[in-house]
Amino acid sequence: MEYIFDSLKKAFVLIGTLDNELLRISWTSIWITGTSVTLATLFSLPAAVIIATKRFKGKGALVTTLNTLMALPTVVVGLLVYAFLYRRGLLGNFSLLYTPYAMIIGQVILASPIITALTVSALEGADERIEGTALTLGATKFQALMSLSGEVRPAITAAVIAGFGRIFAEVGVSMMLGGNIRNYTRNITTAIAFETARGQFSLALALGMILLLFAFTVNILLQWHLKSQSYYGTK
Amino acid sequence: MNLYELKKVKKRYGSLLALDIPSLTLAEGNFYVVYGPNGAGKTTLLNLLAFLDKASEGEVLFHNSQPDIKDVTMVMQNPYLFKTTALGNVSRGLVFRSINKNKIEKMVMPVMKQLGIWEMRNREARSLSGGEKRRVAIARAMVLDTKALILDEPISHLDNIHVNLIENAISDMAGNTKKTIIMTTHDLSKAHKLTSNVIYLLNGKITDKPLWNMFRVNLTTPEKVPPVVRDGAPNGVKKAGVGQGVEIYVATDRTGSALTAIDPKDIIVSRQVIHSSALNNLRGRIVSINEINGLVDLVVDTKVFFHAFITRKSFSDLHLSVGEEIFLTFKASAVEVF
């Protein structure tokens with residue numbers, strides 16, 4: 001018990017003194033996850049709108065696949081992307097393995113099905129009259145779809161947050177594709193695993209606290225921002 | 001000039017033929033009311049006129065050409081309000097048209113004031129009552145500079161205050177603008193009060209027979225044939241319960257479920273029972289007196305309500321007033337069966 005308290009104390013000191021190693025690791029997590037979730041959102045939201053609003057063959061199968069991919073194990077994604085990126089793989093010439101870019105590719109693959117599937121579900125569950133109402137008011141098809149998305153904004157926010165949470169806390173992809181290289185690809189989760197294995201509980205705990213704090217802050221900021229804004233201006 | 005021209009329009013939902021209109025023209029600047037019972041095809045027709053839906057067959061021409069959806073706006077029967085303020089909702093169509101924000105407020109203010117919703121402009125739409133929501137939806141459509149304004153049951157399930165506000169706003173718009181207004185209603189008296197252009201729709205078809213005094217009935221062969229029938233011996237007289245134990249005779253060969261209607265002009269109003277060849281004699285009390293297209297519309301409670309039209313002279317000669325007991329007489333052949 002005393003050991004845990006001691007580690008906690010050291011963790012607070014590391015955070016309080018803005019330890020260089022701690023900041024570097026945190027920044028790596030932030031920019032890689034931030035880039036991944038942004039790319040995944042940019043890809044997933046239009047895809048979700050198309051899936052939810054268009055009728056096409058195989059739509060049911062696609063939605064079922066997306067729902068299944070939501071539970072995709074991170075190590076499986078890591079393994080699949082690894083197979084493409086390693087030296088003799090299809091994309092081996094690009095030398096992306098063990099770089100932040102490889103981590104971003106893996107994380108985009110992890111987050112996209114979550115954001116897409118949850119957004120499709122939100123759009124399909126939206127009031128049927130929204131699109132028709134917008135069209136009767138002279139909206140273009142694009143404006144009508146933006147109105148529809150705007151009306152389910154909180155659910156879309158939740159989808160993006162779920163995607164963010166999935167990749168911010170994952171270890172498998174980061175470890176397999178990033179390689180936990182110090183000052184380069186070591187992020188919060190790989191560092192926690194590494195430091196714990198080395199017996200450095202205080203740094204691992206401090207990183208764990210930062211992970212929670214950051215996830216909490218991002219959640220609050222996203223909810224606040226997206227709830228107060230709409231496509232057609234503030235409420 | 002015609003705004004709409006419908007040519008051989010049919011609308012099917014699967015095997016169901018919901019609408020079948022061989023020909024219909026709606027002139028620019030006129031006010032039309034579409035009347036019909038539930039399932040008559042009113043909303044289907046409005047959706048075609050608003051270009052929200054496409055005809056299965058035939059053409060809906062707008063200004064003799066293909067339509068531009070920005071020229072038409074529609075207020076749905078159960079309108080959707082966006083998750084924003086009342087002002088945000090009324091402004092939405094103008095925002096879609098990229099109109100300057102300062103200009104928008106100047107445009108929406110008079111309409112919102114006319115409909116009594118300006119004071120609640122900053123309230124969230126979801127916090128508004130049913131009548132307020134309806135007025136916001138109507139204001140949202142009225143502020144737009146469209147050639148046609150379509151309203152699906154804009155006054156149903158509203159109290160008299162809201163009904164009057166909305167009716168006045170629509171009548172003002174019909175009188176002061178060149179907009180073609182097309183609305184549906186369940187209330188035929190209101191329809192005739194608002195305009196002389198009433199389109200009767202029944203089973204997806206336009207009919208020129210006035211759909212007053214409509215009842216869904218079960219036509220049966222009477223056990224006891226009335227004396228006049230026995231003497232005159234016409235075939236095909238059936239009995240039909242119109243509700244509350246009130247029964248009428250109908251001249252038809254049909255039996256079973258049917259819709260019936262009686263033209264109010266075919267009903268004779270008298271202070272005493274009339275002995276004649278007419279099979280239907282009902283006693284009732286006048287509950288309301290209105291004026292429709294130069295005639296006096298008497299609403300008579302015979303346990304079920306009947307409308308009877310008489311001339312002003314007859315009304316004056318009979319010295320009728322609300323609450324008085326009168327007799328309604330009409331022939332079995334005056335009852336239309338659909």
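Everything quoted here is computed from the prediction, not taken from an experiment. Every chain is numbered from 1 and lettered A, B, ... according to where its sequence line falls, protein lines coming before strand lines.
Minimum heavy-atom separation, R129(A) to N78(B): NH1-O, 2.5 Å. Of all heavy-atom pairs between F96(B) and A134(A), the closest is CE1-O, 3.7 Å.
With a 4.5 Å cut-off on non-hydrogen atoms, L81(B) touches chain A through its backbone but not through its side chain. Interface remark: N122(B) contributes no atoms to any contact with chain A (heavy atom separation under 4.5 Å). With a 4.5 angstrom heavy-atom cutoff, M76(B) touches chain A only via side-chain atoms.
Within a 6.0 Å radius of OH in Y184(A), more than 12 heavy atoms belonging to other residues, nucleotides or ligands are found. Counting heavy atoms of neighbouring residues, nucleotides and ligands inside a 6.0 Å radius, atom CG of D145(B) does not exceed 12 of them. Atom CH2 of W31(A) has more than 12 neighbouring heavy atoms from other residues, nucleotides or ligands inside a 6.0 Å radius. Applying the 6.0 Å contact sphere to CG of L16(B) captures more than 12 heavy atoms from other residues, nucleotides or ligands. Taking a 6.0 Å sphere around CZ of F43(A), one finds it holds 12 or fewer heavy atoms contributed by other residues, nucleotides or ligands. With a 6.0 Å radius and a threshold of 12 heavy atoms from other residues, nucleotides or ligands, K205(B) has its NZ atom at or below the threshold. The environment of NZ in K59(A) is crowded: more than 12 heavy-atom neighbours from other residues, nucleotides or ligands sit within 6.0 Å. No more than 12 heavy atoms of other residues, nucleotides or ligands lie within 6.0 Å of CZ in F216(A), so this atom counts as exposed by the packing criterion.
In summary, the side chains of E128(A) and Y80(B) do not present any donor paired with an acceptor at a separation below 3.5 Å, with no hydrogens or angles considered.
Without hydrogens or angle criteria, E151(A) side chain to K83(B) main chain gives a donor-acceptor distance under 3.5 Å. Side-chain atoms of T73(B) come within 3.5 Å of backbone atoms of T136(A) as a donor-acceptor pair (strictly under, hydrogens ignored). At distances below 3.5 Å, not a single donor-acceptor pair connects side-chain atoms of R97(B) with backbone N or O atoms of A139(A).
For the set L52(B), I150(B), N47(B), the count of heavy-atom pairs under 4.5 angstrom toward chain A peaks at L52(B).
At least one side-chain heavy atom of T133(A) sits under 4.5 Å from a side-chain heavy atom of F82(B).
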